[in-house]
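All chains are named by letter (A, B, ...) in the order of the sequence lines, taking the proteins before the strands, and each is independently numbered beginning at 1.
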Protein chains: 2
Amino acid sequence: METGQRHEQQTATQRRRTELLEAAERVVLRDGPEASMNAIAAEAGITKPILYRHFGDKSGLYRALAKRHTDALLATLRAALDSPGDRRDRVEATLHAYLSAIETRPQVYRFLMHPAETPSDERGFDVGRHSVPLLRRMGEDLGEVIAERLDLGPDTRQVARVWGHGIVGMMYAAGDWWLGERPLSRDLLVRHLADLLWGRLAEAGDRAGSPGL
Amino acid sequence: METGQRHEQQTATQRRRTELLEAAERVVLRDGPEASMNAIAAEAGITKPILYRHFGDKSGLYRALAKRHTDALLATLRAALDSPGDRRDRVEATLHAYLSAIETRPQVYRFLMHPAETPSDERGFDVGRHSVPLLRRMGEDLGEVIAERLDLGPDTRQVARVWGHGIVGMMYAAGDWWLGERPLSRDLLVRHLADLLWGRLAEAGDRAGSPGL
DNA sequence: GACTGCTGTTACCGCAAGTAACTAGCATGT
DNA sequence: ACATGCTAGTTACTTGCGGTAACAGCAGTC
């Protein structure tokens, strides 16, 4: 059973790791993203160097922390993208899923989207560091789904990627603004955004006395 | 000439301030947003406390630094929004203006959009701090322009704000992605985004063998 | 000449990231 | 029985940054 023991050990460290992640999450959700490594270690009942052994550096810890939520959110969105109904229904369902997610756990949202990193990570490569990858992943994912399902002419794939990132950005910025001010219901917000995607911008009439067409 | 002298003094400190800002800009553009106050002071040929006298704290310096570029960019976009042609022309011109701006000075762009702040700012209120305000301002501005010019029914203002933030987010995320990979020309990108806003998502046909409508 | 207000300095505090060096438990190979 | 090697843990340190006294020189003003 030597491999069995080996395996036990591995899963044990694995478990420890997720325990540490949960402690980190508690602290981050309480103190914001500026939580110190000391504070996190204390919450986990240990001291700093162990955190560093597990996650390399602070950025590593945060990346591990972000990955969990990111994966969960993406799964939710994928599910909404497969919901029943016509295309408009699915788009609205996806918008709802996203907005509902950021609405129910704004702390997590802020951590994922506005991390306020401070590492000295500027070694040439790896430019997009940490605050964007979620947006990027969502954009790429949505682009793939669009390319799979829609026929957009000869360069469907390219158009789909552009649209994927564009739509995700629309969702993101509108959601971020809405989450701060809440000037309308989620339902209305979703409808207005879907209207925008459905070409109402092109169809709308000019206002009386406004310049140009 | 006492007020004259007074005035001289004020403009002198004013000038000093912009000199410091220019030094700061040089360093930030060279070293990224993690540039230390020491480094900036050194570049300006002075020492830290003077920077603090002028700008309060690091966040203040960065805010002052950001304001210049933000104002300039917003002016450019406003101009594009007033360009001649029909509505689609103006939308494309605005997208071009934005993308061209971030393309010609990506360093500035990265500073404005991904600042990586590190202040101890978590005093309850005023959650959205410093990394988003440009997006917010662009969204609000665009929303106002839309509300001024378009007739969107009874709650035009609300719809316009939603659309303003949404469109800005679309521009932002697509631009951010595009700036990193450059998989297509700026012209094409603009066209695809405008197509998206013009309702082509709703009109597109299903791909053969794809699920649902 | 004393006062004000600016420029600038050196020298420090506090704190967070990250590291070095070491100890203790525990299963293994010989 | 014993050395080996792995992991979890510690204390005590270095480095570097943001930020702040406290002080010095040098205008122009009353």
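- Distance CG (B:Asn38) to P (C:dT10): 11 Å, rounded to an integer number of Å.
- For B:Glu92, the side-chain hydrogen bond (donor to acceptor under 3.5 Å, both in side chains) partners at least two apart in sequence or on another chain are B:Arg88.
- Protein atom CG of B:Asp31 is 14 Å distant from nucleotide atom C1' of D:dC17, rounded to whole Å.
- Within a heavy-atom distance below 4.0 Å of DNA chain D, the residues of residues 43-50 of chain A found are A:Ile46, A:Thr47, A:Pro49, A:Ile50.
- If you check every strand for non-hydrogen atoms under 4.0 Å, A:Arg53 touches a base.
- Atoms CG (B:Asp57) and C1' (D:dC17) sit 14 Å apart, rounded to a whole Å.
- Taking the ring centroids of B:Tyr62 and B:Phe55, they lie at or beyond the 6.0 Å cut-off.
- In this view, B:Asp187 and B:Arg191 satisfy the salt bridge (Lys or Arg N to Asp or Glu O under 4.0 Å) rule, not counting sequence neighbours.
- At whole-Å resolution of the value, NE2 in A:His54 and P in D:dG9 are 7 Å apart.
- A:Trp163 pairs by the ring-ring contact (aromatic ring centres under 6.0 Å, His included) definition with nothing, not counting sequence neighbours.
- Rounded to whole Å, the distance from CD on A:Gln14 to P on D:dT7 is 12 Å.
- Taking atom OH of A:Tyr52 as the reference point, atom P of D:dT10 lies 15 Å away to the nearest angstrom.
- Remark: P of D:dA8 and CZ of A:Arg16 are 8 Å apart, rounded to the nearest angstrom.
- B:Lys67 meets the salt bridge (Lys or Arg N to Asp or Glu O under 4.0 Å) test with B:Asp71; sequence neighbours excluded.
- For B:Glu103, the salt bridge (Lys or Arg N to Asp or Glu O under 4.0 Å) partners two or more places apart in sequence, or in a different chain, are B:Arg182, B:Arg186.
- Across the protein-nucleic acid pair, B:Glu34 atom CD and C:dA17 atom C1' stand 15 Å apart, rounded to whole Å.
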